[in-house]
Amino acid sequence: MDAELILHDLNAAQRAAVNAPLTNLLILAGAGSGKTRVLVHRIAWLITQAQVAPLSILAVTFTNKAAKEMRERIADLLTTPAHGMWVGTFHGLAHRLLRAHWQAAQLPETFQIIDSDDQYRLLRRIMRGLEIDEEKWPIKRVQWFINGKKDEGLRAAHIESFGRLDIQVMLRIYEAYEQACALAGLVDFAEILLRCHELLRDNTELLQYYQRRFQHILVDEFQDTNTIQYAWLRLLTGQDSKIWVVGDDDQSIYGWRGAKIENIQRFSQDFADTQVIRLEQNYRSTATILSAANALIAQNAERLGKDLWTDSAQGELISVYAAFNEIDEARFIVDTIKTQHRQGMPRNHIALLYRSNAQSRILEETLLQAGVPYRVYGGQRFFERAEIKDGLAYLRLLVNRHDDAAFERVINTPTRGIGERTLLELREHARTQQVSLWQASIDLTGAKQFAARASNAVVAFLQLIDSLDNDSKNLTLHQQTQYVLRHSGLFEHVLKEKSQTAQNRLENLEELINATQHFHHLSEERSSPLVAFLAHTALESGEGDASSEDEECVQLMTLHTAKGLEFPLVFICGMEEGLFPSKMALEEMGRLEEERRLLYVGMTRAMQKLYLCYAECRRLHGSEIYNRASRFIAELPKDLLQEVRLKNQVVRPLQTTHYHHRAPPAMPAVLQGTGFKVGQRVNHRSFGEGVIVDAEGQGEHTRVQVRFKQHGSKWLVLQLAKLEALV
DNA sequence: AACACCGCGTTTTTT
DNA sequence: ACGCGGTGTT
């Protein structure tokens with residue numbers, strides 16, 4: 001293949017990234033600078049120009065969607081699929097290694113993956129067994145702790161409590177959880193990465209084999225790597241291997257789930273002779289949108305620094321709409337969409353972005369009323385639905401009887417007369433004897449521990465699973481799934497429910513059977529089709545609902561979900577203090593920059609036209625709150641903005657000062673009759689002098705946010721705070 | 001074992 | 001406001 005074919009439509013920087021010599025490379029790629037394109041072209045260049053064998057290439061992404069897209073685009077470019085190349089997510093690839101080397105990884109051959117819901121239930125069971133107070137130690141927090149530690153590469157044994165009781169309790173649970181998972185042959189998402197890291201670290205020959213094999217490691221969205229992922233990459237990159245990563249520190253929006261932006265900064269030190277290439281030409285947005293985004297992100301400190309520029313036209317100003325409330329905001333957006341659509345803008349070129357999912361509701365209602373088709377991204381995924389997980393649990397028990405998560409799920413689904421008492425005894429026996437629930441059932445029914453009725457019910461369940469297994473052993477995956485589900489009693493169980501969703505659940509179960517028909521697992525993998533299918537359901541939880549995919553729909557999603565996508569017309573909704581930046585982020589120091597990056601991501605999704613909307617008053621969690629416009633609006637150059645009203649009339653050029661100093665929109669009802677108002681200077685007995693900057697709630701529930709000269713911002717209940725008004 | 005009621009939490013999401 | 005999970009009632 002001709003090199004020109006791979007390089008001809010690339011700019012100089014892109015070209016440099018694609019045909020760079022074989023060294024370690026860090027590509028800092030700004031939004032819309034052709035990041036994925038460069039990655040795909042690099043791989044094609046390696047194969048066709050540098051004569052690199054596909055077998056020695058490892059390409060890593062974060063999502064299955066990105067992996068799939070990459071595979072397809074490489075095949076397109078090469079006009080043939082590159083066999084032998086490993087392209088996948090961190091989890092997918094690590095899982096593959098664990099399956100191939102399950103013995104060395106000290107896992108049972110049929111180990112199963114649990115999702116965070118399974119993990120939660122398992123933790124709940126363990127904590128109850130240990131009699132730990134869930135009020136005091138919320139399961140969610142324990143889960144957060146354990147996953148956080150695993151992401152840092154730490155097992156319970158590695159963690160020092162320094163005599164702190166809270167950490168000691170967490171560690172006790174962590175240890176018990178590790179044991180329970182080992183016993184049941186279960187592996188959670190974080191464990192996949194951690195276990196794989198340990199596998200390679202502790203097996204020198206294996207490590208050397210893969211280090212020699214993967215001469216070229218390429219990583220997408222590098223700014224999102226966490227500690228263990230980074231350690232995994234370092235381990236796998238051998239003496240002679242080269243690592244090529246692409247990322248953008250300005251688009252790092254997953255710090256809250258462990259992503260370490262520092263990994264980009266460390267990269268050049270940790271990998272010798274790293275070349276750095278910046279991709280700064282943006283091909284997506286108008287000059288106006290890009291300048292505004294640049295101005296915004298410039299307010300962040302500690303950037304690696306990039307200056308995005310574009311050849312494209314100035315384009316329209318960014319429109320800012322100040323709505324009275326969220327209803328008005330939605331109406332404005334829907335009206336504008338209708339106008340734009342009438343003028344030829346396809347609906348699927350329009351995106352509505354918001355900070356939190358709760359905001360989608362009113363937008364959906366308004367779109368529905370107006371008869372505008374829309375699609376909401378990020379609902380529950382197919383394989384995470386309760387009835388699907390029930391069905392999968394039967395299959396999991398066939399593969400591994402000791403899978404406690406699956407056992408708990410279906411021991412009484414459908415109900416088969418096994419009561420809470422019986423279950424408690426099973427759990428207790430399992431815990432004290434260190435056996436699975438399945439083994440506990442065998443032990444206790446054999447020992448005649450239970451009343452005859454309970455014992456019979458448990459034995460019947462054991463026999464059901466055994467016979468489902470026996471009778472379906474020689475069937476194909478599809479036939480087997482069909483057989484197991486039909487005989488599990490799940491269909492009858494769902495049918496008995498008289499809810500409106502029952503029909504839907506039945507269809508979902510049918511769809512699960514259907515899914516097995518379309519599942520083809522790679523023949524190079526040694527595991528059975530069923531084991532592979534089960535792993536697939538955990539690792540790729542399903543692509544949302546495909547039904548509305550082909551229709552021309554307005555796209556609704558959170559700002560996080562929008563990363564990596566682009567749309568000609570973008571609305572960013574709910575640009576209010578407390579909402580975006582979110583209240584949570586404001587209360588915690590140092591989290592504002594990530595919020596700013598999130599808006600940067602949102603703004604740079606827009607190709608032609610961007611709207612920023614906010615509501616002066618919004619109904620949230622039942623009560624009305626009054627928010628000021630987001631500080632981020634004031635951070636944008638005012639000559640790039642215009643304030644609009646319905647029908648897109650420009651009301652007046654937008655003054656930045658408008659956001660800094662203006663009085664709140666009318667007098668918020670919440671403060672009426674209290675003698676206080678937003679902007680009021682006040683004195684507090686212990687905090688001293690300050691200014692009321694915000695208020696919410698009504699009557700005796702009225703709370704005000706006061707920015708104190710000495711003590712920072714605090715929310716106070718007005719009635720209790722005994723504030724003294726100052727002139 | 002099904003149903004009613006209470007109380008809590010409610011930023012962002014992938015695997 | 002609203003949904004979910006957990007508990008208590010029939």
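Lettering follows sequence order; numbering is per chain, from 1. What you see below is based on every heavy atom in this structure, not just the backbone, and it leaves out hydrogens, waters and symmetry mates.
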Are [X] and [Y] close enough that some pair of their side-chain heavy atoms sits under 4.5 Å apart?
X: Glu178(A); Y: Cys181(A); result: no
X: Gln223(A); Y: Asn263(A); result: no
X: Phe90(A); Y: Leu193(A); result: yes

Please name all residues satisfying side-chain contact (heavy atoms from CB on, under 4.5 Å) with [X], sequence neighbours left out, ordered by chain then number.
X: Arg71(A); answer: Ala67(A), Val87(A)
X: Thr110(A); answer: Val399(A), Asn400(A), Val531(A)
X: Ile261(A); answer: Asp249(A), Ser252(A), Arg597(A)
X: Ala330(A); answer: Ile362(A), Leu363(A), Thr366(A)

Under 4.0 Å from any heavy atom of chain A: name the first and the last nucleotide of DNA chain C that qualifies, 5' to 3'.
dA1(C) to dG6(C)
What is the ring orientation for Phe533(A) with Phe383(A), classed by angle as parallel under 30°, tilted 30 to 60°, or perpendicular over 60°?
perpendicular
Nearest-nucleotide wise, let me know which of Ile418(A) and Thr63(A) is further upstream toward the 5' end of DNA chain B.
Ile418(A)
Nearest-Å distance for atom pair NE2/C1', residues His91(A) and dT13(B)
12 Å
Using whole Å, report how far CG of Leu534(A) lies from P of dT15(B).
18 Å
Where along nucleotides 4-12 of chain B does protein come under 4.0 Å, by heavy atom, of base (B) or sugar-phosphate alone (S), with - for untouched nucleotides?
------BBB
Salt bridge (charged side-chain N to carboxylate O under 4.0 Å, His left out) involving Asp151(A) - partner list, sequence neighbours excluded
none
Which residues satisfy the salt bridge (charged side-chain N to carboxylate O under 4.0 Å, His left out) test with Glu588(A), sequence neighbours excluded?
Arg591(A)
Mark yes or no for whether Glu595(A), through its side chain, and Ser582(A), through its backbone, hold a donor-acceptor pair below 3.5 Å.
yes
Does anything in residues 187-200 of chain A come within less than 4.0 Å of DNA chain C? Heavy atoms only, and list the residues if so.
none
Would you list the pairs meeting salt bridge (Lys or Arg N to Asp or Glu O under 4.0 Å) in which at least one residue belongs to residues 252-263 of chain A, sequence neighbours left out?
Glu152(A)-Lys260(A)
Give one of base, sugar-phosphate or nothing for Gly417(A), where a contact means two heavy atoms less than 4.0 Å apart.
sugar-phosphate
Got a sec, which residues hit ring-ring contact (aromatic ring centres under 6.0 Å, His included) with Phe461(A), two or more places apart in sequence or on another chain?
Phe407(A)
Quick check on contacts: within residues 110-125 of chain A, what sits under 4.0 Å from DNA chain B by heavy-atom distance?
none
